[in-house]
Amino acid sequence: MTASGSADLVIVANRLPVDRVVDTDGTLRWRRSPGGLVSALEPVMRVHQGAWIGWPGGTDEELEPFVEDGLQLVPVTLSAREVEEFYEGFSNATLWPLYHDVVAKPLFKREWWEAYKRVNQRFAERAAEVAAPGAMVWVHDYQMQLVPQMLRDLRPDLKIGFFLHIPFPPAELFNQLPWRRQVLEGLLGADIVGFHLPGGAQNFVRLVRTRVGHKTHRDLITLPDGRPVRAGAYPISIDASDFEDLARSPEVTRRAEAIRKALGNPKRVLLGVDRLDYTKGIYPRLRAYAELVADGTFDVEATVFVQVATPSRERVDEYRRMRDEIDMLVGRVNGDLGRIGRPAISYLHSSYPREEMAALYRAADIMVVTPYRDGMNLVCKEYVACRYDNDGALVLSEFAGAAHELSQAWLVNPYDINGMKAAIVEAATADPKEITRRMKAMRKTVSEHDVDRWATGFLDELDAVKPMKPPIRRRPRRTAG
Ligand code: GDG
């Protein structure tokens with residue numbers, strides 16, 4: 001058992017919630033990274049004297065723990081080789097495609113697995129050092145699946161929760177992983193293993209029963225020492241009121257108007273916003289739209305598709321290939337179908353401040369979100385939160401976790417190009433009353449189930465976990481003689 005620290009709540013995530021900024025004079029400072037997870041956890045972090053453990057970006061740099069804006073941050077160093085093997089390799093070229101329906105072929109490399117184990121052990125050791133006796137530790141996402149058990153071995157007194165932000169695949173896919181049993185055993189170190197959807201939790205429980213052989217009953221797993229592990233669904237969300245406030249602000253309102261004007265005041269703006277990732281279904285969505293322009297359903301003088309693709313994982317081969325494919329498609333579509341000052345697709349490979357995102361959401365008549373597979377998808381919830389006028393249509397893939405909550409969207413199968421085309425046309429020609437009815441219902445869901453409810457819901461359940469009594473050690477029997 002490791003000596004304990006003083007944090008009552010420890011967050012373990014691949015990244016720290018700050019980005020390093022180097023000023024023109026060369027001084028280093030940290031800027032809070034935008035994102036729901038940080039703002040959701042910030043209030044509880046403050047109440048609980050929380051600490052956040054994560055990689056600060058960069059390589060081979062030993063940084064001491066530091067406090068930024070009142071948050072205790074504990075950096076974990078990665079070497080250049082570990083970034084390649086643990087992060088780009090095992091996390092993003094093995095687990096990411098495997099857990100997303102094998103949309104791309106997962107690569108299984110033994111040296112990547114070794115790096116994954118090594119880095120997970122380092123994170124677990126850090127958590128063991130900073131957690132107070134009996135503290136809650138919340139471990140996040142697919143990069144950290146071995147941390148729960150590694151941490152429990154070091155600190156059996158802790159309450160450990162795990163949340164997976166991406167889908168958890170069915171046995172038929174998961175079983176491809178050469179280290180499937182070790183990953184399941186790693187996760188079983190937690191008291192609660194959380195997923196976005198009940199289906200993910202069911203896949204996990206079934207795999208534990210069949211692969212590891214533990215007893216299970218519904219969402220409960222009982223380990224041989226009697227410790228229960230609960231698998232549950234905790235659908236993540238956004239800070240809905242914050243997004244709505246942003247969307248209502250005069251700056252964002254003005255910017256939304258300016259965006260439409262810059263686009264030539266078209267009758268209709270369609271929008272896609274995604275990290276440039278092969279799971280997001282950007283290619284089939286743009287193809288579907290291009291066919292609608294080609295067959296005359298939409299005219300480039302009246303309609304435009306704005307696609308924001310935020311740069312992501314640019315050193316992973318599969319991402320480079322996909323970027324080239326999309327560049328080529330957009331170039332061809334605009335070359336064939338665009339007119340001067342009127343591209344069919346306005347394509348932006350760049351990332352923007354949150355205000356600009358809100359302005360884009362405000363400016364768009366139809367939001368098109370068509371992942372092949374997505375754990376949840378926050379973009380569609382952000383769009384809904386920004387539509388305080390109850391206007392705007394959402395076309396949403398049935399394979400996004402969010403489709404389970406936003407059933408009033410125009411749901412599509414991204415593998416079915418004709419189906420997608422039909423849904424886009426339906427959304428574009430729907431009666432305004434119908435659009436309002438659907439948007440109102442989705443807004444109710446998003447405002448009632450916000451990220452704060454997600455975070456407190458999970459942590460309240462973790463807090464209620466009863467610590468296991470340490471096993472009674474029997475004295476060895478004296479043998480006569
Ligand atoms: C994973 C799971 C799950 C994007 N571009 C910019 C920007 N963004 C923001 C969006 C949104 C977030 O990034 C993307 O979240 P998603 O949920 O859509 O997708 P992933 O990044 O794949 O997230 C996903 C999520 O984890 C949470 O559990 O929902 O299924 O894959 O918030 O707004 N933000 C800014 N500029 C950009 O250019 N400021």
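Residue numbers start at 1 and run along the sequence shown. For ligands, and for the atoms within them, numbers begin at 1 and follow the listed sequence.
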Next on the checklist: I need the contact type for Tyr142 against ligand 1. Using non-hydrogen atoms and a strict under-4.0 Å cut-off, is it side chain, backbone, both or neither?
Outcome noted: neither

Next on the checklist: If the contact criterion is a heavy-atom separation under 4.0 Å, does Phe243 count as touching ligand 1?
Outcome noted: no

Checklist entry - Looking at Trp55, does the NZ or CZ of Arg122 lie under 6.0 angstrom from its six-membered ring centre and within 45 degrees of the ring axis? => result no

Item to check | Side chain, backbone, both or neither: Arg275 near ligand 1, heavy atoms under 4.0 Å | outcome: side chain

Checklist entry - Which atoms of ligand 1 are found less than 4.0 Å from any heavy atom of Arg354? => result 39 (N)

Checklist outcome for this item: Counting heavy atoms under 4.0 Å, the part of Val379 that contacts ligand 1 is both

Item to check | Proximity winner for atom 20 (P) of ligand 1, if only heavy atoms of His165, Lys280, Lys381 are counted | outcome: Lys280

Checklist entry - Taking the six-membered ring where the residue is Trp, are the ring centres of Phe163 and His196 under 6.0 Å apart? => result yes

Next on the checklist: With heavy-atom distances below 4.0 Å as the criterion, list the atoms of ligand 1 near Glu382.
Outcome noted: 10 (C), 11 (C), 32 (O), 33 (O)

Next on the checklist: Can you tell me how the ring of Tyr361 sits relative to the ring of Tyr383, calling it parallel under 30°, perpendicular over 60° and tilted otherwise?
Outcome noted: perpendicular

Checklist entry - Counting both backbone and side chain atoms, is some N or O of Met376 under 3.5 Å from an N or O of ligand 1? => result yes

Checklist entry - Would you say the side-chain atoms of Arg437 and Asn390 include a donor-acceptor pair closer than 3.5 Å? => result no

Checklist entry - Less than 3.5 Å between some nitrogen or oxygen of Met357 and one of ligand 1, yes or no? => result no

Item to check | Heavy atom of Glu356, distance to ligand 1 below 4.0 Å | outcome: no

Checklist entry - Are Arg248 and Tyr388 in a cation-pi setup, meaning NZ or CZ lies under 6.0 angstrom from the ring centre and within 45 degrees of the ring axis? => result yes

Checklist entry - Will you find, in the side chains of Asp101 and Tyr372, an N or O donor that is under 3.5 Å from an N or O acceptor? => result no

Item to check | Ring centre gap for Phe168 and Phe174 strictly below 6.0 Å | outcome: yes

Item to check | Pair Trp138 and Phe458, ring centroids less than 6.0 Å apart | outcome: yes

Item to check | Pick from Asn377, Thr279, Val451, Asp274: the one approaching atom 29 (O) of ligand 1 most closely through a non-hydrogen atom | outcome: Asn377

Item to check | Selected option - heavy-atom contact closest to atom 30 (O) of ligand 1, from Leu360, Asp374, Leu378, Thr310 | outcome: Asp374

Item to check | Atom indices of ligand 1 within 4.0 angstrom of Gly375 heavy atoms, with elements | outcome: 30 (O)

Checklist entry - Between Arg118 and Trp113, is NZ or CZ placed under 6.0 angstrom from the six-membered ring centre and within 45° of the ring axis? => result no

